[in-house]
Amino acid sequence: MNTHRQTEINLDEDVIAAAADAKAWPFEEARKIVKRCEKAGYPETVLFETGYGPSGLPHIGTFGEVARTAMVRHAFRVLTRDAVKTKILCFSDDMDGFRKVPTNLPNQEMLQEYLGMPLTSVPDPFSSEYPSFGAANNARLRTFLDRFGFDYEFASSTEYYKGGRFDAALLRMLEVYDDVMAIILPTLGEERRATYAPFLPVCPRTGKVLQVPMTGRNVNAGTVTYIDPETGEAVETPVTGGRVKCQWKADWALRWYALGVDYEMAGKDLIDSVTLSSKICRALGKPAPEGFNYELFLDENGQKISKSKGNGLTIDEWLTYASEESLALYMYQKPKTAKKLYFDVIPKAVDEYFSFLSAYPRQDWKNRLGNPVWHLHDGNPPAIENPVPFAMLLNLVSASNAENSDVLWGFISRYAPGVTPQTHPKLDQLVGYAIRYFNDFVKPTKVFRPADDVERQALTALDQKLAALPADADGAVIQDAVLDVARAIERYQDPNKKSPDGGPGVSIAFFQMIYQVLLGQERGPRFGSFVALYGIGETRALIAKALAGDLAKG
């Protein structure tokens, strides 16, 4: 079990006053819990739960659920002035039967021999480091949660069942067995109805989790009877002590009932399951938790990410190219909107994080509590200055063909005197991310195209305009000069925009042309700022290569 110290939170009166009307979704969720507690009474500890199925490698959506739950918990602590104990329980359903072998795992043949066994009875396919497949995947999840610094407790279904934590709830489930069946059976097909039972016996002969109907129940003795599917013998077994586990909808309700869970969110694909588990929880004798259904993450093809398929981004993959904070921001934004979770979302998430961080000191408390970084950092966002956006770094790598950070820092130090890896360690971290991201995702897709006659004239005029500027011209001055070039060319005039002199503005097509011809990319950051960073002389040399046809040769 992992436990971490709760963070100190700011409970100044200005914060409390702003929180009362805060519209950010974590506050909206926290108010539901406050209302629940005001109606039924506050428990000793308000319990927030997240569930994890360790049948495959932990994926980024699992982290998202914990991160979002932590944000709701923090909002609840502020709303209640931190007067009530709270806890996040990360619960692993590691006693679940191993139903199929994920295609992204090694030792496929060995794993086939353990189908039907609890995940904590399946050997670790990766190494002998962990006692089981379930333990190995649990460790991977905890490693990331620990790295991010979440305040949580980790719980193992196997330990709770075998240790007796669920015994009383299991006996209660046996008492209301008919009620549970009445809830579940109408939702099943005819064939499944004939075999369904809320209890899954663990076969004492094979150790497998069996999906078999119950042929008898003894409430007083606390036992159920079933027919061993291989021997045909009747087997009577207690429902306590880890000898059975529950089917997962019943299992979810059992957990809520036994532990007194107050809040748990779930994916949109589980709406029906939440409804059924809530009914079972009420049949057991307690209200279901509060929560909401978040939308699913999609891979680059618009398919739901899956542990068994291994599609979409993994935690380690995101952290190869960006920080934990950028990932947490992506989880915060629009949780009820389906979002693509693939490599091309990373640069925007990185830059948005620093943009929100930069705005925070200038905001009043009302706007601070609506700023994502307040929620990402438990109300204490760090003071970090980032003078060079991530998107700009990517284009700098592209233009300079930099293979190491020293080259990029040469440009950065000239652009922002006094800024060094030592004074700006976060920027130095971004430099490393940018080089890796560019080499893996941008460089392989770069396609330079030759300029046509109009574009050659435009680039020649741009070169002349840049030549007339002082070498230390800032991004705003350079951008104005670039716009002046475009305004004089009919192709790049946009009548829907207005220039300072009242004439037509500049079409986005002008900047698309620049990036396609000079950098082999479809888009880029503000071009004036890029030139200020890269250098006027270097940019003119790049234009000269493009006009000579050298860039498009490759």
Side-chain angles (χ1 to χ4, degrees), residues 347-348 351-352 354-364 367 370-371 385-396 398-399 411 414-416 447-548 551-552:
K348 182 181 179 183
D351 281 339
E352 285 184 339
F354 284 105
S355 178
F356 285 123
L357 203 61
S358 174
Y360 184 83
R362 304 188 298 272
Q363 294 175 322
D364 58 20
N367 288 300
N371 187 325
E385 178 194 7
N386 181 39
V388 184
F390 189 62
M392 192 88 72
L393 288 173
L394 289 175
N395 281 275
L396 182 58
S398 179
F411 290 104
R414 181 183 64 184
Y415 171 71
V447 179
F448 292 92
R449 68 172 180 80
D452 63 24
D453 290 342
V454 174
E455 292 165 346
R456 290 180 64 84
Q457 293 173 13
L459 290 172
T460 299
L462 176 59
D463 176 65
Q464 294 170 351
K465 197 76 171 180
L466 292 176
L469 295 176
D472 60 351
D474 64 22
V477 171
I478 296 172
Q479 186 75 4
D480 286 342
V482 174
L483 292 171
D484 284 343
V485 170
R487 292 186 188 109
I489 303 172
E490 184 176 359
R491 177 188 289 185
Y492 300 120
Q493 294 173 351
D494 185 346
N496 296 316
K497 299 177 182 178
K498 292 295 182 183
S499 65
D501 62 5
V506 176
S507 167
I508 190 66
F510 179 68
F511 295 100
Q512 290 175 336
M513 178 274 291
I514 287 177
Y515 279 103
Q516 289 168 354
V517 174
L518 298 185
L519 293 176
Q521 300 166 204
E522 290 298 316
R523 62 185 63 87
R526 185 178 175 88
F527 189 67
S529 300
F530 167 72
V531 174
L533 174 61
Y534 185 46
I536 290 177
E538 288 80 358
T539 303
R540 293 187 64 209
L542 198 63
I543 293 172
K545 287 183 179 180
L547 293 175
L551 296 180

Exercise for the section: Give the C-alpha distance, both sets of side-chain angles, the deciding distance and a yes or no for side chain to side chain contact (heavy atoms under 4.5 Å, CB included) between Glu522 and Gln512. Expected result: CA-CA 6 Å; Glu522 290 298 316; Gln512 290 175 336; 5.9 Å; no
Problem - Audit row: Ser507, Gln493, side chain to side chain contact (heavy atoms under 4.5 Å, CB included) steps and yes/no - result: CA-CA 6 Å; Ser507 167; Gln493 294 173 351; over 6 Å; no
Practice task
Apply side chain to side chain contact (heavy atoms under 4.5 Å, CB included) to the pair Gln464 and Arg540, showing each step before the final yes or no.
Solution key: CA-CA 9 Å; Gln464 294 170 351; Arg540 293 187 64 209; over 6 Å; no
Problem - Derivation of the side chain to side chain contact (heavy atoms under 4.5 Å, CB included) call for Asp463 and Leu466 - result: CA-CA 5 Å; Asp463 176 65; Leu466 292 176; 5.6 Å; no
Exercise for the section: Apply the test salt bridge (charged side-chain N to carboxylate O under 4.0 Å, His left out) to residues Asp472 and Arg414: give CA-CA distance (whole Å), side-chain angles for both, the deciding distance (0.1 Å), then the verdict. Expected result: CA-CA 9 Å; Asp472 60 351; Arg414 181 183 64 184; over 6 Å; no
Practice task
Go through the steps for Gln479 and Ser529 under the test side-chain hydrogen bond (donor to acceptor under 3.5 Å, both in side chains), then give the verdict.
Solution key: CA-CA 7 Å; Gln479 186 75 4; Ser529 300; over 6 Å; no
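The distance from the CE atom of Met513 to the CD1 atom of Ile489 is 7.0 Å, given to the nearest 0.5 Å. Rounding to the nearest 0.5 angstrom, the gap separating the CZ atom in Arg449 from the CG atom in Leu518 is 10.0 Å. Atom CD of Gln516 and atom CZ of Phe511 lie 13.5 Å apart (nearest 0.5 Å). The CG atom of Leu459 lies 5.5 Å from the CG atom of Leu547; values are rounded to the nearest 0.5 Å. Asn395 contributes atom CG, which lies 9.5 Å from atom CG of Leu533 (distance to the nearest 0.5 angstrom). Put simply, CD1 on Ile478 and CG on Leu483 are 12.0 Å apart, with the number rounded to the nearest 0.5 Å.
Side-chain atoms of Lys545 never come within 3.5 Å of backbone atoms of Leu551 as a donor-acceptor pair (strictly under, hydrogens ignored). Within the 3.5 Å criterion, the main-chain N or O of Gly535 finds a donor-acceptor partner in the side chain of Thr539. When atom types are taken as modelled, the side chain of Asn386 and the backbone of Phe354 share no donor-acceptor pair closer than 3.5 angstrom. Using a distance-only test at 3.5 Å, with no hydrogens or angles considered, a donor-acceptor pair links the side chain of Asp351 to the main chain of Phe390.
Contact detail for Asp452 and Arg491: the closest heavy-atom pair is OD2-NH1, 3.0 Å. Here the closest non-hydrogen pair linking Ala481 and Leu469 is CB-CD1, 4.0 Å. When all heavy atoms of Ala473 and Ala532 are compared, the pair lying nearest together is O-CB, 4.2 Å. For the pair Pro504 and Ser499, the tightest heavy-atom approach, listed with the atom from each and the gap, is O-CB, 3.6 Å. When all heavy atoms of Tyr492 and Glu455 are compared, the closest pair comes out as OH-CG, 3.2 Å. Residues Phe448 and Leu519 come closest through the heavy atom pair CE2-C, 3.3 Å.
Arg487 and Asp484 are joined by a salt bridge, as a carboxylate oxygen and a charged side-chain nitrogen come within less than 4.0 angstrom of each other.
For Asp364, the CG atom sits in a packed shell: over 12 heavy atoms of surrounding residues, nucleotides or ligands are nearer than 6.0 Å. When the shell of 6.0 Å around NZ of Lys497 is examined, it contains more than 12 heavy atoms from other residues, nucleotides or ligands.
Looking at Leu396 and Val388, their side chains never come closer than 4.5 Å, going by heavy atoms from C-beta outward.
Between Tyr534 and Phe530, the ring planes are parallel. Angles under 30° get that label, and only those over 60° would be called perpendicular.
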